[in-house]
Peer 1: 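The structure is given below, and queries will be raised subsequently.
The first residue of the sequence shown is numbered 1, and numbering continues consecutively from there. Bear in mind that the values here come from a model prediction, so they are computed numbers and not experimental data.
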Amino acid sequence: MSKFNINTIKQLVLIAVLLMSSSAIAQKLPTVKLSFNHSWKFSKISNTTNSDEALSKTDFDDSKWLAVSLPHTANIEPLVVNDQWQGICWYRKEFEIASANKNKKVIIELEGAMNRAQVWINGQLAADHLGGYMPVVIDATNFVKVGQSNTIAVKLDNTDNPVSGPKPLKILDFNMYGGLYRDSWISYKDRIYISNPMLANKKAGGGIFVSFPKVATDESEVAIKTDIVNETSTSQDIECVQTIYFKGKKVAENKTISNGLAATKSVELNALIRIQNAKLWSPADPNLYQLETKVVVDGKLKDLEMTTFGIRSLEFKDNQLYVNGEKTFLRGVNRHQEYPFIGYALSDNAQYRDAKKIKEAGFNCIRLSHYPQSPAFLAACDELGIFVVDAILGWQYYADTDAFRNFCYNAATDLIRRDRNHPSVVSWEVSLNETKMPIFFMEELNKRVHEEYPGSQAFSSGWMPEVYDIYFQSRQHRILHGNENHADKPYFVSEYGDWEYYSSNGGLNQDKMPKGLRLEKSSRHLRAEGEKALVQQAYNLQESHNDNLATGVMGDGYWVMYDYNRGYHDEIEASGIMDIFRLPKFGYDFYASQKSPKEAIVLKIASYWNADSNLDVKVLSNCDQVELFLNGKSIASQKPDVDKNTTKISHAPFTFKIPSFQVGELKAVGYIDGKEVKQVSVKTPEAPHKLKIWFDESGKKPQSNVNDVIFVYIAAVDKNGTVVPTFDKKIDFVINGDAEVMNVGPITAEAGIATALVRIGSKSGKIAFEAAIANLKGNTVVKTVR
């Protein structure tokens, strides 16, 4: 964890503000940005029985509504979601603005409001926003009353919408869950202030925009564009002081002067700061700087914002990607942002944990499919060193209307304005995935990218070969169409390893297989399906990844990281290398084994070693030699098997042939340069002996008062501590402490492990988890942080 919180870029206007419990103290500062997540009221209300006018009024009685905090989902869903709730819901909140904020700017931001959001403040319509993935930003100054109570009312409609798309939910292959499902904020600013890029609405402007004309370790140049607004009644002389910090130490500073900024006008100030011995950002070394921007008038501090950035350059040579001059292959994966039961309503910590698992799995790139994802997730990718392909909403849907096209154009513009300072963004996917788009439509989207991010460091991408800077093509499309659409430009395999092994027209030999065999050979396997199925998935990943490597691609993205719900389907889509509860399959270990041993030594036996196990035992490892032992006797020692037919090759699993099954222990020993570096073992599971409980931390401890959610795992283990993969019983699970179980239905073991999704309450302290079934028991305690 770096010294600075990952949410710096969106939370901090002044670092000290986050440490203050008293808003009265905060009001003494020139600028504050405070959480607006607490003390909301929520209800699903029929349009036919309540008018918008009545529900939006300050005197409406919401005392019987549910008290909630954000992030919040409009509906708790079952594990398998094939009839997702759609409809109208409302949120209301009373809040006070202290008298100290008289004459201040008041800005309210809802990071995620699905899908059409209408917002009333004190009974007046303040915003009507379409699109559930980009923020609703409101200049609330003229709507609020200072020194007294105010009411904000939000009406959300997540029913199918022909303007925002994509396809109707009944045929959509993912879910668009309702609610105010991300953070919300309220900011107070002086009348001389740094603008909000969404409200400023300036091409490549508004707010603070950081770019890098020169990138080198000896000296880098940081170009900073700052938009400052004067809403006072007189002309003002403005000083903009910008200080750059690295790990808390000041490394550079610059002052820019603007004399005579007229009343009600704005000015765009440009600064160029040189940093000696610059620490560059890359997936291998994700160095982050903090930029402090102060606006000073007559010696008085008027505004202050903090911006996190990373110095890095992107360049293509012979259609290959070079990061800071070093050739870099993007080993990627796709990600849907949902959790079981709560849909999109992940805490910022949960967003970080998802990113952390992806990094640990060996990926250096994530395709955000198929919509903009949380600022907290991008901030985590900045910190952890993971490139992201940032995408607008789009999937198999195009409406031939100006309203739809303009929605897409504006979505692309807003996406770049929101995310342009994230070093993790490698490309802007301003394309409607798997959708036939007219050329003029793509040209306008591509134009928006380069207007909003001028220079050589912005790259558009799309799934059609025309127009875009980078061509994204799914592997099954390439196989089906004989690679005829492979344009002469940088080429990224956007999806692979799933559909081409699943569908009868997927492009391999699936059409020649009977359906039962086709499903058996697919990549879609739940953990409950057992060792054979999960090994098959890992084989498919290796085969398809190696095929990608042989085509000259600059990167690829496996479909998909986590199992997810499909909207219309009565089964969870199970091609994830982790299940929907974030438990790994063998495919996870295959990708982890692609990492350099310098990053982590990986050694995993892909076997439960029971009577049903395959005697061709796979060991997934990045060691240069592996030896396998059965009950202390060496079976064989092997070095990697390199496929001579490919120009590049993944670390293939080591395969050991065992003559016959014997109860006992398989042990793998990994060697590098002839030296033993790691040992792992698998023992034949015996009868369940107790329940083992642990929880998923993944770099972030459970936190109170932020609607944090964690997975708590309950495994049936034998006397040796081995998980019993055949155990599939219902578990009795009890919590003592300020937390609640979010599961719908029983908590039942799958492949020996049951999972409870637990939401942490507002009180910090210890939370005890207890589990039992028959004579099996287990317990653990977690202490939350504040």
Peer 1: Under a 3.5 Å cutoff, is there a donor and acceptor pairing between the side chains of Tyr371 and His336?
Peer 2: yes
Peer 1: Under 3.5 Å, is there a donor-acceptor pair between the side chain of Asn433 and the main chain of Gly394?
Peer 2: no
Peer 1: Taking all atoms of both residues into account, what is the closest heavy-atom pair of Cys365 and Ile386, and its distance?
Peer 2: N-CG2, 3.7 Å
Peer 1: Side-chain donor-acceptor pair under 3.5 Å between Trp185 and Glu111, yes or no?
Peer 2: yes
Peer 1: So, are Asp400 and Arg405 salt-bridged, with charged N and O less than 4.0 Å apart?
Peer 2: yes
Peer 1: Taking the six-membered ring where the residue is Trp, are the ring centres of Tyr322 and Phe316 under 6.0 Å apart?
Peer 2: no
Peer 1: Short question: side chain of Asn410, backbone of Asn406 - any donor-acceptor pair under 3.5 Å?
Peer 2: yes
Peer 1: Quick check: Phe387 with Trp281 (ring centres under 6.0 Å apart)?
Peer 2: yes
Peer 1: To the nearest 0.5 Å, what is the distance between CH2 (Trp559) and OG (Ser494)?
Peer 2: 9.0 Å
Peer 1: Measure the OH-NZ distance between Tyr352 and Lys357 for me, rounded to the nearest 0.5 Å.
Peer 2: 11.0 Å
Peer 1: Could you state the interatomic distance from CD1 (Ile208) to CD1 (Ile224), rounded to the nearest 0.5 Å?
Peer 2: 8.0 Å
Peer 1: Do side-chain atoms of Ser593 reach the backbone of Val602 as a donor and acceptor pair under 3.5 angstrom?
Peer 2: no
Peer 1: Quick check, are the ring centers of Phe441 and Tyr409 under 6.0 angstrom apart?
Peer 2: yes
Peer 1: Between Thr293 and Gln242, is any side-chain donor less than 3.5 angstrom from a side-chain acceptor?
Peer 2: yes
Peer 1: Going by the side chain to side chain donor-acceptor pair (under 3.5 Å) test, name the single residue among Asp382, Asp419, Asp390 that passes it with Ser424.
Peer 2: Asp382
Peer 1: Under 3.5 Å, is there a donor-acceptor pair between the side chain of Asn334 and the main chain of Gly557?
Peer 2: yes
Peer 1: Say you draw a straight line from NE2 of His450 to CG of Leu445; how long is it, rounded to the nearest 0.5 Å?
Peer 2: 11.5 Å
Peer 1: Salt-bridged, Glu573 to Arg566, with N to O below 4.0 Å?
Peer 2: no
Peer 1: Taking atom types as modelled, find out whether Ser164 and Asn115 have a side-chain donor-acceptor pair closer than 3.5 angstrom.
Peer 2: yes
Peer 1: If we only count heavy atoms from C-beta on, is the Asp354 to Arg582 side-chain gap below 4.5 Å?
Peer 2: yes
Peer 1: Set out, in order, the CA-CA distance, both residues' side-chain angles and the distance that settles side chain to side chain contact (heavy atoms under 4.5 Å, CB included) for Asn565 and Tyr177, then state yes or no.
Peer 2: CA-CA 11 Å; Asn565 277 290; Tyr177 300 97; 3.8 Å; yes
Peer 1: Please work out which of the three classes, parallel, tilted or perpendicular, describes the rings of Tyr591 and Tyr558, given edges at 30° and 60°.
Peer 2: tilted
Peer 1: For Phe209, is the NZ or CZ atom of Arg420 found under 6.0 angstrom from the centre of its six-membered ring and inside 45 degrees of the ring axis?
Peer 2: yes
Peer 1: When you check the gap from the basic side-chain N to the acidic O, do Arg524 and Asp498 get nearer than 4.0 Å?
Peer 2: yes
Peer 1: Any side-chain heavy-atom pair from Pro135 and Met198 closer than 4.5 angstrom?
Peer 2: yes
Peer 1: Surrounding NZ of Lys447 (heavy atoms of other residues, nucleotides or ligands, distance under 6.0 Å), is the total greater than 12?
Peer 2: no
Peer 1: Tell me whether Lys279 contacts the main-chain N or O of Phe246 through its side chain, where contact means a donor paired with an acceptor under 3.5 Å.
Peer 2: no
Peer 1: Is there a side chain to side chain contact (heavy atoms under 4.5 Å, CB included) between Tyr496 and Arg478 once you walk through the steps?
Peer 2: CA-CA 10 Å; Tyr496 72 93; Arg478 175 174 58 79; over 6 Å; no
Peer 1: Which of these passes side chain to side chain donor-acceptor pair (under 3.5 Å) with Tyr501: Glu543, Gln476, Gln537?
Peer 2: Glu543
Peer 1: Any side-chain heavy-atom pair from Phe212 and Ser313 closer than 4.5 angstrom?
Peer 2: no
Peer 1: Indicate the ring-plane relationship of Tyr471 and Tyr491, choosing parallel, tilted or perpendicular according to the 30° and 60° boundaries.
Peer 2: parallel
Peer 1: For a side chain to side chain donor-acceptor pair (under 3.5 Å) check, start with the C-alpha distance between Tyr133 and Tyr344, then their side-chain angles and the critical distance, and finish with the verdict.
Peer 2: CA-CA 10 Å; Tyr133 296 100; Tyr344 284 170; 2.9 Å; yes
Peer 1: Roughly how far apart are Ile392 CD1 and Asp414 CG, rounded to 0.5 Å?
Peer 2: 11.0 Å
Peer 1: Do you know which of Arg418, Arg417, Lys203, Lys202 makes salt bridge (charged side-chain N to carboxylate O under 4.0 Å, His left out) with Glu452?
Peer 2: Arg417
Peer 1: Between Tyr397 and Phe404, is the ring centre distance below 6.0 Å?
Peer 2: yes
Peer 1: For the residue pair Phe174 and Tyr564, is the inter-centroid distance of their aromatic rings smaller than 6.0 Å?
Peer 2: no
Peer 1: Let me confirm one number: the NZ-CG distance from Lys489 to Asp469, rounded to the nearest 0.5 Å.
Peer 2: 7.0 Å
Peer 1: Taking 4.0 angstrom as the limit, do Arg367 and Glu495 come out as a salt bridge?
Peer 2: yes
Peer 1: Does a side-chain N-to-carboxylate-O contact under 4.0 Å join Asp579 and Lys585?
Peer 2: no
Peer 1: For Ser523 and Asn540, does a side-chain donor sit closer than 3.5 Å to a side-chain acceptor?
Peer 2: yes
Peer 1: State whether the side chain of Ser369 and the backbone N or O of Arg335 hold a donor-acceptor pair below 3.5 Å, judged by distance alone.
Peer 2: yes
Peer 1: Just by distance, no angles: are the side chains of Glu500 and Ser544 close enough, under 3.5 Å, to form a donor-acceptor pair?
Peer 2: no
